[in-house]
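Just the heavy atoms: all of them, side chains too, but no hydrogens, waters or symmetry mates, feed the values below. Residue numbers run from 1 in the order of the sequence given. Atoms within each ligand, like the ligands themselves, are counted from 1 in listed order.
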Amino acid sequence: MAAVPPSHIPDVLTALATTRAIRRYTAEPIPSDALRDMLFAATRAPSGSNRQPFRFMVFADSERSAAVKALIGDGARKLWAAKRANDGYDNGSGTIDHSPKARMARTMQEYVDHFETVPVLVLACLIRYREPSPSEGASVYPACQNLLLAARGLGYGGVLTGFQGLVEPQLRSLLELPDEVALSATITLGRPAGAHGPVRRRPMCDLVFGDTWGTSAPWAEDPPGTPVLTSRFGPA
Ligand SMILES: Cc1cc2nc3c(=O)[nH]c(=O)nc-3n(C[C@H](O)[C@H](O)[C@H](O)COP(=O)(O)O)c2cc1C
């Protein structure tokens, strides 16, 4: 195990409730024993028929890693610029400096502008053994979440993105990936520049029904103290 005192490792339910998307990192590299523990957790994930079609490529500080970060960084900047315009991040409450929307836009802009400096980038891949299907992600994304949870447990943080999408042809050729390998996600990892904290989600009564569609289960109540989500960008 990486050198984290057991008293500093959150229990599993706390980790689940506090694993936020972390997009700002210190410059600290991630030591290989911590990477090993995170990727070990990822590889313990379930998959259909236990085929384990997921594969992870880990890019830290090699020359090729720098090339991959630069390429995906280009894709990230283009994707974010399009999303910023299409989703109206600069309209409505986005014009109010400290609104959740404006803060989110600043975080995203800073993330993509400095993408090349992320300490570690992980490409989550899937070896296709049959025709692409809408459910194939079900055999790779649990492993991605295991990775993020393990990062949280070890005091690191990360975020899953689709930033590889726009530059996939160039990436495939740079990495000489076999045709049957699908690129499922780009995950960046590092020591959080800010802090972990409770995730903000809709109350569970909106999301958990009993035996009648649309009617919350009577026991579906958030634990006391759960932060209230007022917009999808965060609290007001
Ligand atoms: C399928 C999926 C795709 C995502 N794509 C991106 C992305 O392209 N860029 C990004 O910055 N975050 C991405 N995220 C992170 C989400 O934006 C983030 O988890 C969500 O806003 C909730 O924030 P929180 O985890 O901090 O509570 C993605 C998450 C998932 C599960």
Side-chain angles (χ1 to χ4, degrees), residues 10 13-25 42 45 54 56 68-69 71-89 93-94 99-126 134-153 156-168 171 182-204 206-207 222 226-236:
L13 295 181
T14 302
L16 284 166
T18 59
T19 299
R20 282 183 179 167
I22 300 291
R23 301 183 178 87
R24 294 189 308 119
Y25 310 107
F54 45 74
F56 295 96
V68 166
K69 290 176 191 177
L71 185 55
I72 298 183
D74 275 345
R77 286 183 282 274
K78 288 185 182 123
L79 277 171
W80 165 243
K83 187 174 169 62
R84 183 168 192 148
N86 294 339
D87 289 5
Y89 271 85
S93 69
S99 67
K101 195 170 167 186
R103 284 203 307 265
M104 184 68 191
R106 275 197 298 278
T107 300
M108 282 301 301
Q109 193 64 54
E110 191 188 339
Y111 180 43
V112 300
D113 283 348
H114 302 105
F115 194 81
E116 285 73 3
T117 66
V118 299
V120 169
L121 182 154
V122 176
L123 269 184
C125 309
L126 173 93
S135 64
E136 68 181 10
S139 280
V140 61
Y141 295 122
C144 296
Q145 185 64 8
N146 270 16
L147 175 60
L148 291 168
L149 287 166
R152 164 76 182 98
Y156 295 90
V159 59
L160 179 146
T161 79
F163 287 159
Q164 79 287 346
L166 267 194
V167 293
E168 181 164 336
L171 204 50
L183 295 180
S184 304
T186 297
I187 297 169
T188 57
L189 296 168
R191 183 76 77 188
H196 279 291
V199 297
R200 298 192 171 85
R201 302 288 186 257
R202 292 169 66 173
M204 69 179 283
D206 285 2
L207 310 172
D222 291 355
T226 302
V228 177
L229 183 75
T230 52
S231 89
R232 75 189 162 92
F233 304 105

What residue and atom, counting heavy atoms only, is the protein's closest point to [atom], and at what distance?
atom: atom 21 (O) of ligand 1; result: Arg23 NH2, 4.4 Å
atom: atom 22 (C) of ligand 1; result: Arg201 NH1, 3.6 Å
atom: atom 26 (O) of ligand 1; result: Ala21 N, 2.8 Å
atom: atom 13 (C) of ligand 1; result: Leu160 O, 3.0 Å

| task | Determine whether the side chain, the backbone, both or neither of Val159 has a heavy atom under 4.0 Å from any heavy atom of ligand 1. | result | side chain
| query | Hey, what do you get for CG (Leu16) to CD (Gln145), rounding to the nearest 0.5 Å? | reply | 7.5 Å
| From CH2 (Trp80) to OH (Tyr111), nearest 0.5 Å |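 That separation rounds to 12.5 Å.
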| task | Just jot down the ligand 1 atoms closer than 4.0 angstrom to any heavy atom of Arg20, in number order. | result |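 Matching atoms, with element in brackets: 25 (O), 26 (O).
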| Contact atoms of ligand 1, heavy-atom distance to Met108 under 4.0 Å | 11 (O)
| Are Glu116 and Arg77 within salt-bridge range, i.e. N to O under 4.0 Å? | yes
| Counting distance only, does the side-chain N/O of Arg200 pair as donor-acceptor with the main-chain N or O of Val228 below 3.5 Å? |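 A pair under 3.5 Å: no.
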| message | Given 3.5 Å as the limit, does a donor-acceptor pair link the side chain of Ser135 with the main chain of Ala138, or not? | response |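 Answer holds: no.
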| task | Compare all side-chain heavy atoms of Val159 with those of Thr188 and state whether any distance is below 4.5 angstrom. | result |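 Side-chain contact under 4.5 Å: yes.
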